[in-house]
Every structure is written in C-alpha cells, then in structure tokens.
Student: 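Here's a structure for you.
Every chain is numbered from 1 and lettered A, B, ... according to where its sequence line falls, protein lines coming before strand lines.
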There are 2 protein chains.
Amino acid sequence: MATEDNEDAGRRYHHGDLPAALIRTSFELLADNGLADFSVAKVARRLGISTAAPYRHYSDRDHLLAAVAAAAARQLAAAVRAAAEGAGPDPADRFGAAGAAYVRFAVSHGAGFDVIYAAGPRGLGDAALAAAGRELMDLLTTLAEDTGVRPKEDALRLVGDLVALAHGYATLYRDGFFPRARYSLDDIAAHAARAGRELAAGR
Amino acid sequence: MATEDNEDAGRRYHHGDLPAALIRTSFELLADNGLADFSVAKVARRLGISTAAPYRHYSDRDHLLAAVAAAAARQLAAAVRAAAEGAGPDPADRFGAAGAAYVRFAVSHGAGFDVIYAAGPRGLGDAALAAAGRELMDLLTTLAEDTGVRPKEDALRLVGDLVALAHGYATLYRDGFFPRARYSLDDIAAHAARAGRELAAGR
DNA sequence: GTCTATATATTGATAGAC
DNA sequence: GTCTATCAATATATAGAC
C-alpha cells in the first residue's frame with residue numbers, strides 16, 4: 001500500500017520530491033504570469049501545500065528562484081543547441097535559429113535572461129546558476145564565431161545584438177505589444193530568425 | 001505672504017498643481033526603480049503627501065500610469081525625432097539613431113514600450129495615450145520607409161526589429177545583464193545605433 | 001483638496017505543534 | 001517535513017474630518 005493511496009480528494013500531504021515539484025510548479029507559474037507576478041505563496045497554493053513548506057527546502061524566495069533560473073538556463077541552452085543543429089549548414093541560418101529558439105523559450109516559459117540574470121538570485125553567488133549562464137553565453141558566442149565574424153570582440157557584439165533582439169521580441173510579445181490577433185508565436189520567432197540571420201550576414 | 005511661507009520643515013500642505021507633480025514624481029520613481037517597483041503609495045511618500053491624496057486626481061493606479069505613459073510616449077517621440085534629425089542625411093543612420101534614442105530614453109527614464117503599452121493602462125481606452133502611442137509608431141514607420149524599404153509590410157517588419165532590438169538592449173542593460181563596469185549607456189546606445197543601421201541597410 | 005484612519009489583500013518569513 | 005497560526009511590511013482603495 002503506497003503512501004499515495006489516500007483518497008483525500010485534492011488534499012495531498014506527501015510529495016515524494018517536494019524540491020523538484022517546487023521547481024516544476026515555479027516554471028508553470030512563470031509561464032502563466034511572468035516573473036513580476038511570481039511569489040512563493042502562489043507556488044505553494046498551486047501545489048496544494050502550506051505557504052511555509054517551501055522554506056524547508058529553499059531558505060528564501062531568491063534561493064528558489066536561483067534554482068529555477070539554473071534549470072531554465074540549462075533547458076534554454078539545450079533548446080538553442082537543438083535549434084542550431086536542426087537549421088542546416090549555413091552558420092548565419094544557425095545563428096538566426098538560435099534567436100528564434102530563445103524567443104520560443106522565453107515566451108512559452110516566461111523565463112529568459114531576465115530570470116537567469118535577475119539581480120536577487122545572482123547576488124547569491126550560486127555556482128550552478130553561474131555555470132549554467134556561462135554555458136549558455138559560450139554557446140551563443142560559438143555560434144556567432146562560426147559565422148566568420150572576427151575579431152572576438154565583434155563576435156561578442158553580434159551576440160549582444162542577437163540577445164537584445166530576441167529578448168525584446170519575446171518580452172514585447174508577452175506584454176502584448178505585438179497584438180496576438182495579428183502575430184502568432186511562430187510569426188515573431190520567424191522575425192527573430194530573419195533579423196538574426198541578417199545581423200550575422202551583414203558583417 | 002505666499003502659501004509657501006510656512007516653516008514646517010518638510011511638511012508641505014499645498015502643491016499648486018498636484019496632478020502635474022504626481023506625473024513628475026512618478027517619472028522619477030520609474031527612473032529609479034522601474035515599473036515593477038512602482039506604487040501610488042511610494043509616489044505619495046516621495047512628494048510628502050498622504051497616500052490618499054493621489055486618488056483625488058487619478059481614480060486608481062492605472063489611470064495615473066496611463067497619464068504617465070502618455071507623457072512618456074510624447075517625450076520619447078520628441079527624443080527620437082530630434083535624434084533622427086541630428087543624425088545627418090543618410091536614412092539608415094537616422095534609423096539607427098532612432099534606436100539609440102529609444103535606448104537612452106528607456107534606460108534613463110525607466111519607461112519604454114513596457115510602460116506605454118502596459119496592459120492595465122491600455123485597457124482603460126484612454127484616447128490621449130492611444131494617440132501618443134500611435135504617433136510614436138508612425139514616426140518610426142516613416143523613418144523605416146525613408147530607408148527605401150518596400151513594400152510597407154517590410155517597413156513594418158523593420159520597425160518591429162528596431163523596437164525589439166532597442167527595447168532588449170534597454171531592459172537588459174537596466175537589469176544588469178550588460179555589466180555596468182564594462183558597458184556605459186553610451187556604449188549600448190552605440191550598439192543599438194549600429195545594429196539598427198545594419199538592419200536598415202541589409203534590405 | 002488634503003489629511004487621518006481604516007478595511008482588505010498579499011507577501012515573505014518564522015515559531016511551534018504534530 | 002509538513003501543518004497551523006501568526007507577524008510585520010506593503011499595497012490599493014475608501015470614509016469621513018477639516
């Protein structure tokens with residue numbers, strides 16, 4: 001008889017792995033309402049646990065967000081890598097595809113560089129978060145260098161351009177600046193891909 | 001003997017034009033802390049008035065923000081227009097300068113499209129705000145068309161690219177993604193100008 | 001038109017029972 | 001490890017005195 005056998009209808013007591021569940025549910029909350037609306041209390045309510053329970057596993061809000069941010073950075077890097085690999089052999093196409101992948105991820109998960117580099121969590125000096133962020137930036141830098149841009153300083157500028165472009169498209173889309181009635185997520189991802197490709201090709 | 005003759009040391013009672021002072025002080029608060037940290041109570045405290053006073057002039061938080069957003073849109077349009085005019089005869093240079101002006105304004109005032117097109121205030125259907133936002137977009141569209149991009153649909157795509165790029169640079173800079181130690185506001189404004197110029201020239 | 005005082009909600013976080 | 005109960009902040013907004 002497992003611990004899950006209780007027929008209490010929505011009132012669960014046991015969660016097997018609450019730390020992991022907190023990360024998952026935090027992601028859901030970010031996807032629905034964005035970082036501005038994030039709160040530990042909401043996460044707890046969504047999980048059906050008390051508002052005190054999360055603090056047994058994450059000492060405060062920023063530590064929870066740091067764990068969420070590190071997971072987001074890893075997933076985002078994987079999505080960018082997969083998009084670049086699936087975009088064919090042209091380095092500019094691959095670079096543009098990376099931008100589109102960022103837009104898709106940031107819009108659908110509500111978590112982009114604003115979450116990954118948020119001031120509060122970053123101030124904690126979490127090593128896992130720092131490493132995940134660095135890995136993501138290294139990946140983008142490699143994709144920029146593959147387009148043939150030299151010297152390294154110019155490649156970094158190109159990365160900055162792509163990040164700004166994709167982040168801008170993603171946040172403005174989430175905020176409703178690009179009307180949902182006229183633009184689908186596919187549309188703005190395609191915009192970001194095209195513009196990123198042009199930036200890479202225009203050097 | 002003017003009403004200002006009272007020596008109550010910081011305890012003022014009279015403000016001549018409180019509605020205007022509320023807008024001014026809201027701007028200061030946005031510049032310091034950004035939209036996420038904005039509150040009617042903080043504005044009131046900064047002005048040295050009670051937290052109830054603002055509600056005599058703006059029925060709620062969103063109506064105050066709508067007035068602030070309309071003023072921001074007008075000032076931003078003026079800044080963009082001035083930057084474009086001061087950028088010389090080349091339409092691509094002028095277009096890039098418009099992006100740089102957006103970055104400077106959004107960073108130093110904490111108010112860009114996120115404030116101007118924020119969901120709450122926009123839901124009010126304020127005519128002045130809608131007109132100010134439209135004027136700003138028309139200005140950017142004209143600058144895009146001046147670069148020779150056709151048809152109109154392509155010009156609108158170019159505007160979307162510039163807005164996303166500039167907004168991304170501005171918000172990421174404010175959020176600390178581009179380290180202040182290595183990038184000045186002038187640096188990222190220059191980045192936005194160059195990238196905007198490249199986007200315009202690359203068509 | 002501005003103030004004081006208040007009602008109500010939400011949050012982050014803690015103490016102590018179980 | 002989770003809960004109940006609670007505190008201190010802070011916010012939006014309103015009522016009524018002046």
Student: Can you check whether B/Lys42 has a side-chain N or O nearer than 4.0 Å to OP1 or OP2 of D/dT10?
Tutor: no

Student: Ring pair (Phe, Tyr, Trp, His ring centres under 6.0 Å): which pairs involve residues 36-86 of chain B, sequence neighbours left out?
Tutor: none

Student: Between atom CG in B/Asn33 and atom C1' in D/dT10, what is the gap in whole Å?
Tutor: 14 Å

Student: Figure out the CG/P separation between B/Asp37 and D/dT10, and round it to whole Å.
Tutor: 11 Å

Student: How are the rings of A/His191 and A/Tyr183 set relative to one another: parallel (under 30°), tilted (30 to 60°) or perpendicular (over 60°)?
Tutor: perpendicular

Student: Where the side chain of B/Val40 is concerned, which of D/dC3, D/dT12, C/dT2 is the nearest nucleotide?
Tutor: D/dT12

Student: Report the C-alpha separation of B/Ser184 and B/Asp187 in whole Å, then their side-chain angles, then the decisive distance to 0.1 Å, and conclude whether the side chain to side chain donor-acceptor pair (under 3.5 Å) test is met.
Tutor: CA-CA 5 Å; B/Ser184 68; B/Asp187 289 334; 3.3 Å; yes

Student: Going by number, which of residues 51-63 of chain A have a non-hydrogen atom under 4.0 Å from DNA chain C?
Tutor: A/Thr51, A/Ala52, A/Tyr55, A/Asp60, A/Arg61

Student: Rounding to an integer number of Å, can you tell me how far A/Phe38 CZ sits from C/dG12 P?
Tutor: 8 Å

Student: Would you check, one step at a time, whether the test salt bridge (charged side-chain N to carboxylate O under 4.0 Å, His left out) holds for A/Arg81 with A/Glu85?
Tutor: CA-CA 6 Å; A/Arg81 190 173 282 116; A/Glu85 281 171 6; 5.2 Å; no

Student: Does A/Ser39 reach a base, just sugar-phosphate, or nothing at all? Heavy atoms under 4.0 Å.
Tutor: sugar-phosphate

Student: Can you tell me how far C1' of D/dT12 sits from CG of B/Leu22, to the nearest Å?
Tutor: 15 Å

Student: Step through the shown structure and confirm whether more than 12 heavy atoms of other residues, nucleotides or ligands are within 6.0 Å of CZ on A/Arg180.
Tutor: yes

Student: Report the distance from atom CD1 of A/Ile49 to atom C1' of C/dC18, rounded to the nearest whole Å.
Tutor: 17 Å

Student: Working to the nearest 0.5 angstrom, can you tell me the gap between B/Leu165 CG and B/His167 NE2?
Tutor: 11.5 Å

